[in-house]
Amino acid sequence: MNKKLEISSEKLIDISENNETMVADDKAIVKDDDSNSENKESIVKAGLVGAAALALAGCKDGGGGGGGPTIAPPGSVVVLNMDPIADIAVQEGQVAMLNPAATSSVGGNLVFTFTGYMTSNSKQTQVGDAGIQTVKVTVTSAGLSVSQDVRVIVHTGNVTTASLHLARRTSFGMTPNLYYEVDVLGRQAYLEQQLAPASINDNLFQRRIGSVTVTRRHHLKAWTMLHMVYSKKQLLEVMTWFWDNHFNTDINVVRNNVGRDDSVTYERNENEAFRANALGNFRQLLGISAKSPSMLLYLDSAKNRASDSNENYSRELLELHTMGVDGGYTHLDIEAGAEIFTGWHLRNDQFFFNAARHRDVQHNYLTTNNIPNIIPAGGGVAQGEQVLDILASHPETAKFICTKLVTLFVSDIPRQTQLQTQAIRNLIANCVTTYLAFDNSANQDQIAQVLRTIFSSTEFNAAANQNSKVKSPVEFAASIARGLEGETNASALQELVTNMGLNLYEKLEPTGYSEKGVDWISANLLMERYKTADLMLRQNNRSRLETDMIGYCNRHGVTSTNAIVDFFLTRLLGDSPAAARANAIAFLDSPTPFNINNASQANSRLRRLVTLIMSYPQFQFQ
Amino acid sequence: MNRRKFLKNVLGTGAAAGTGVLGNFLTMSGAQANHVASAGSPTLVVIFQRGGCDGLNTVVPYADPDYYTLRPTIGIARPDASNPLSAIRIDSASSTDFFGLNPNMVSLKKIYDANDLAVLPTVQYASSTHSHFSGQDWIESGIPTTSSNGWLYRHLDAQNKLSGLQGLSFGSNLAKSLRGSIPVQSIGFLDQFGFPSSSGNLVDQIKQYVLPLYNDLQVKPAASKSELLVGNTGKISFDNLDTISAINAQNYTPAPGVNYPAGRYGRRLREIAQLIKTKNDPMLNINLDVVTVDIGGFDTHTNQGGAGPNNRHSRQIREFSEGIAALYDDLGSQMDEVIILSVTEFGRTAKENGSAGTDHGDASSWFMVGKGINGGIHGRWPGLSAAQLRRGRYLSYTVDYRDIYAEILMNHFGHTQAQAQTLLSHTYNSIGLFA
């Protein structure tokens with residue numbers, strides 16, 4: 001009499017005590033008002049605190065489509081729990097192995113059964129098996145049973161550069177599984193999966209993030225980094241960060257504007273709202289931003305009153321959120337907008353239209369295709385909504401947003417039109433066409449459609465656009481953690497990102513952070529990248545990434561100098577260029593030949609090897 | 001002897017005609033060369049007030065009848081010895097009893113009285129978009145259009161000063177004014193540049209196994225702009241490591257009585273003083289020529305406040321001024337070879353808005369500090385009446401920012417007028433900042 005028990009999201013958190021708990025580190029130095037984005041002392045002095053427990057990828061991951069670990073309903077006692085099992089990648093012809101683990105509070109034998117692609121915990125794969133295969137793993141104990149689905153990525157050992165390119169640009173960095181997954185699944189299918197994130201099983205990440213406490217600023221930053229590193233909905237995360245940065249708010253300003261400090265809650269809620277709509281409709285994103293407590297405070301809408309308006313939001317709405325500085329608006333539009341948004345205030349932590357403070361007169365606002373838009377008097381809050389409608393549908397907004405997306409995903413050649421190639425201009429024009437074709441609030445996939453246009457374009461795959469974008473600091477740090485499948489102290493990780501020039505949620509200027517590589521490379525910032533790669537690969541360091549390097553190499557079947565170097569270079573750089581390879585081999589075999597069985601030598605050399613590879617110029621690119 | 005007066009004398013004799021002043025230094029007689037050596041090489045410190053500093057509450061035009069009408073809440077009172085929040089009285093030949101300094105700038109008063117502070121209340125450029133982004137770009141490129149390199153970079157390039165620590169940008173990234181095809185050094189803080197000792201021999205390993213790959217990128221056929229940037233930057237990333245480590249090893253103590261303001265800006269100015277003083281150390285061989293540093297927080301749309309010490313603008317302008325005063329005092333006689341210039345992307349609306357703040361405007365106040373310059377107020381006052389304000393709202397500019405740059409390039413760095421005009425794509429009009 002098997003019982004199939006229901007799962008609740010709250011309980012999912014409760015059962016995670018066996019897993020590492022990624023509560024961001026409370027002892028980290030919290031920056032004071034004047035402390036700065038380059039406060040390096042905090043790294044050095046904070047020491048080892050709040051270390052994450054060791055968990056090797058390959059042992060734990062989200063459950064399969066059959067649901068996550070099954071647990072007891074509220075009020076009853078949990079009696080049987082299976083650890084999440086990670087996807088595995090295996091080359092066809094080799095043996096696939098699963099090592100599930102479970103705990104039972106009533107004792108008794110734990111019996112694992114396998115159905116689907118595998119019928120036991122190991123399988124000799126065959127040539128021709130290549131594909132994403134599914135295994136249902138069930139554990140039975142004392143009459144109870146729990147199941148989860150596991151994905152087995154069976155590959156041929158070959159990957160195309162186009163697949164690697166798509167994987168890199170749609171994510172925060174390559175992982176050993178992702179290296180094969182896109183090719184096995186097919187680029188089209190992978191893209192469609194990423195564009196439909198609800199279809200992606202992200203149970204392990206949900207379990208991880210559910211246990212994170214977010215009450216303080218550095219928690220929020222760590223929480224954000226965890227999304228970037230560990231969620232399988234990578235394109236969704238890339239776009240969430242894009243919108244959060246596009247509609248930049250500075251938590252310091254948000255904090256200074258409220259009597260009690262709700263800034264962390266405001267920023268988190270705003271980030272979640274962008275995530276929920278990141279692939280959706282731009283008008284909705286614009287509305288989320290316009291009415292978010294963070295933005296109401298940051299650009300002073302909350303203080304914009306009828307008596308004498310404040311232009312801050314009105315100007316940046318046009319310049320930075322919609323049309324762009326060369327979008328063709330005039331100072332008259334800024335002044336009209338300032339009056340239209342009077343009374344867009346904040347009350348009880350929510351947007352509140354303060355009619356008493358709204359100046360409700362008729363305005364002209366922009367022209368759309370040379371036709372003036374009239375904002376009639378008496379509209380109240382509808383005046384502002386109408387302005388957001390006009391802006392979201394404006395061809396100049398389409399051009400501005402599409403240009404930014406092409407800059408993010410295809411090429412960061414400066415935006416000035418004369419410097420863009422004709423092919424990039426054509427791609428932007430195609431994106432504008434898509435944007436405007438789906439520009440209706442009924443179209444909940446407007447941005448997804450634009451992304452489809454980008455990723456299916458010839459220009460996206462042009463050789464000149466591959467490995468040509470300098471990683472931003474978040475991309476650099478996340479790609480290290482992802483590449484090594486490590487457990488990270490995310491609180492320390494976000495501090496390293498800050499050192500590299502990107503302080504999450506603390507960009508004072510409303511422009512947000514740059515999408516262009518030229519803004520992320522300098523002698524100082526490059527040195528910070530070397531230091532980040534060093535600190536993350538250290539042992540016994542707070543910033544370290546928990547990866548058992550010897551185990552990692554053994555798990556991936558690489559033990560000789562050449563095999564190890566080729567493995568890291570291909571996984572981390574995409575290929576193994578001759579000079580890079582020669583230098584890495586020279587290092588690993590110096591001063592004595594590398595021997596993976598000599599644990600103390602092998603561990604420190606592997607760590608330093610990876611630090612050096614991550615300092616390579618090729619690793620600065622995506 | 002003050003090096004600028006010396007330069008002026010050289011120029012006056014016509015010795016510099018055609019070939020540039022610096023070339024002539026090398027061929028001068030021993031007696032003259034001693035003067036040059038004692039005067040030291042020039043250094044320019046550029047302070048960027050990010051966010052658009054409200055010039056009208058920095059250099060207060062209290063005698064303009066429209067000022068208090070436009071700013072009933074945030075206007076700063078006319079000079080009044082009994083009111084500590086009133087403007088600081090300053091006299092100048094051009095406009096006696098018209099302007100006062102914000103009382104939070106009291107630290108600059110003695111520099112003004114020494115005639116070492118030039119005050120320019122009406123600086124900007126034509127066709128401002130009122131955008132932070134464009135405005136900062138234009139100020140830093142020295143060209144009112146987006147440009148891929150900065151005006152300070154072009155100056156360094158023209159005088160073959162792109163190596164070592166002759167150009168330096170304080171901040172996490174490289175200031176746009178110093179960007180160009182050859183990377184200029186940037187640092188966050190002197191004492192944080194480099195690796196912790198726990199990194200062991202990582203530096204040597206990177207030099208051996210990593211930097212050659214950056215060099216390869218520099219010479220890669222058909223390298224992209226990004227590849228060149230990364231390659232060039234990687235190549236220089238360790239060039240100044242030993243020098244900066246050597247400087248760090250020297251514990252720096254500012255001159256007696258000098259206190260830099262707390263925070264990044266003050267800390268960086270203190271390190272700038274250290275670097276400038278180190279110029280005389282033959283072991284280090286530093287010739288700091290141009291250095292940039294930022295101070296933010298001037299985008300005062302709300303709660304800008306008047307002169308009260310805890311108001312947003314007050315706090316920023318006090319930190320700004322105290323930093324300059326500390327640097328000036330700390331450098332002492334070495335100020336002879338130093339010019340400090342402050343810039344900001346725009347001023348703010350003449351009329352205060354409904355939230356006790358101001359929105360983006362046109363002209364703002366810039367300052368230049370130096371020994372032996374023409375201190376005092378520079379520039380014609382355009383007036384604050386509705387008819388005088390651009391579009392009825394914005395203080396007009398009467399000094400083009402590139403004329404300030406041009407006078408520094410000519411008088412401090414010895415470029416000819418023709419060179420300065422070329423570097424700035426601008427026809428020079430005299431302001432008369434230098435004596």
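Small disclaimer: the values here were computed from a predicted structure and weren't measured. Letters A, B, ... mirror the listed sequences (proteins, then strands); counts begin at 1. Basis for what follows: all heavy atoms, side chains included, without hydrogens, waters or symmetry-related copies.
Of the listed residues (B/Leu202, B/Leu217, B/Ile206), the one with the most heavy-atom contacts under 4.5 Å to chain A is B/Leu202. Note on B/Ser224, B/Gly194, B/Ala222: by heavy-atom pairs under 4.5 Å with chain A, the leading option is B/Gly194. Between chain A and the options B/Asn232, B/Leu174, B/Val210, the largest number of non-hydrogen pairs under 4.5 Å is found for B/Val210. Of the residues considered (B/Lys351, B/His130, B/Glu227, B/Arg50), B/His130 shows the highest number of contacts with chain A, using heavy-atom pairs under 4.5 Å. Ranked by heavy-atom pairs under 4.5 Å with chain A, the first of B/Ser169, B/Pro212, B/Pro183, B/Ser131 is B/Ser131. Counting heavy-atom pairs under 4.5 Å between each of A/Gly517, A/Ala338, A/Ser522, A/Ser615 and chain B puts A/Ser522 at the top. Your options are B/Gly200, B/Gly231, B/Ser198, and the one with the most heavy-atom pairs under 4.5 Å with chain A is B/Ser198. Counting heavy-atom pairs closer than 4.5 Å to chain B, the top residue among A/Asn467, A/Asp300, A/Thr611, A/Leu299 is A/Asp300.
Of the atoms belonging to B/Tyr394, it is side-chain heavy atoms, and not backbone ones, that fall under 4.5 Å from chain A. Residue contact with chain B, scored on non-hydrogen atoms closer than 4.5 Å, involves the side chain of A/Thr511 exclusively. Of the atoms belonging to B/Ser226, heavy atoms from both backbone and side chain fall under 4.5 Å from chain A. Proximity to chain B is limited to the side chain of A/Leu526, based on heavy atoms less than 4.5 angstrom apart. With a 4.5 Å cut-off on non-hydrogen atoms, A/Leu612 touches chain B through its backbone and its side chain both. Neither the backbone nor the side chain of B/Asn215 comes within contact range of chain A; no heavy atoms are under 4.5 Å apart. With a threshold of 4.5 angstrom between heavy atoms, A/Thr342 does not approach chain B through any atom at all. Neither the backbone nor the side chain of A/Pro577 comes within contact range of chain B; no heavy atoms are under 4.5 Å apart. Looking at B/Thr358, neither its backbone nor its side chain comes within 4.5 Å of chain A, counting heavy atoms on both sides.
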Problem set entry | Pair B/Phe193-A/Glu528, side-chain contact (heavy atoms from CB on, under 4.5 Å): steps then yes or no | CA-CA 9 Å; B/Phe193 191 78; A/Glu528 291 302 334; over 6 Å; no
For this session: Take A/Glu316 and B/His132 through the test side-chain contact (heavy atoms from CB on, under 4.5 Å) and record every step on the way to the result.
Result: CA-CA 10 Å; A/Glu316 307 305 6; B/His132 293 293; 3.6 Å; yes
For this session: Just do the side-chain contact (heavy atoms from CB on, under 4.5 Å) check on A/Lys303 and B/Asn303 with the steps written out, would you?
Result: CA-CA 10 Å; A/Lys303 291 183 175 162; B/Asn303 296 345; 2.8 Å; yes
Exercise. Does the side-chain contact (heavy atoms from CB on, under 4.5 Å) test come out yes or no for A/Asn304 and B/His301, once each step is laid out?
Worked result: CA-CA 10 Å; A/Asn304 190 9; B/His301 285 276; over 6 Å; no
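Here the side chains of B/Tyr209 and A/Arg608 are not in contact, with every heavy-atom distance at 4.5 Å or above. Side chains of B/Asn173 and A/Asn524 form no contact here, defined as non-hydrogen atoms less than 4.5 Å apart.
No more than 12 heavy atoms of other residues, nucleotides or ligands lie within 6.0 Å of CZ in A/Arg359, so this atom counts as exposed by the packing criterion. For A/Arg357, the CZ atom counts as loosely surrounded, since its 6.0 Å shell holds 12 or fewer non-hydrogen atoms of other residues, nucleotides or ligands.
Using non-hydrogen atoms only and a strict 4.5 Å limit, the part of residues 323-332 of chain A facing chain B consists of A/Val325, A/His331. Listed in order of number, the residues of residues 579-586 of chain A that approach chain B to under 4.5 Å between heavy atoms are A/Ala579, A/Ala580, A/Asn583, A/Ala586.
Summarising the geometry, atom CG belonging to B/Leu229 is positioned 6.0 Å from atom CD1 belonging to A/Ile521; distances are rounded to the nearest 0.5 Å. To the nearest 0.5 Å, atoms NZ (B/Lys225) and OG (A/Ser468) are separated by 13.5 Å. A distance of 10.0 Å separates OG1 in B/Thr300 from CG in A/Asn312, rounded to the nearest 0.5 Å. A/Glu311 CD to B/Arg348 CZ: the interatomic distance, rounded to the nearest 0.5 Å, is 10.0 Å. We find the CG-CD distance between B/Leu213 and A/Gln618 to be 5.5 Å, quoted to the nearest 0.5 Å.
A donor atom on one side chain and an acceptor atom on the other are found under 3.5 Å apart for B/Ser199 and A/Arg538.
Partners of A/Tyr298 under the ring pair (Phe, Tyr, Trp, His ring centres under 6.0 Å) rule, at least two apart in sequence or in another chain, do not exist in this structure.
Ion pairing between B/Arg179 and A/Asp519 holds under the 4.0 Å rule for side-chain N and carboxylate O. Looking at A/Glu335 and B/Arg391, no side-chain N of the basic residue comes within less than 4.0 Å of a carboxylate O on the acidic one, giving no salt bridge.
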Anything under 3.5 Å between a donor and an acceptor, one on a side chain of residues 234-241 of chain B, the other on a protein residue two or more places apart or in another chain? List them.
from: B/Ser237; atom 1: OG; to: A/Tyr530; atom 2: OH; distance (Å): 3.1
from: B/Ser237; atom 1: OG; to: B/Gly234; atom 2: O; distance (Å): 2.7
from: B/Asn240; atom 1: ND2; to: B/Gln185; atom 2: OE1; distance (Å): 2.8

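Across all non-hydrogen atoms, the minimal contact from A/Ser309 to B/Asn353 is O-CB, 3.4 Å.
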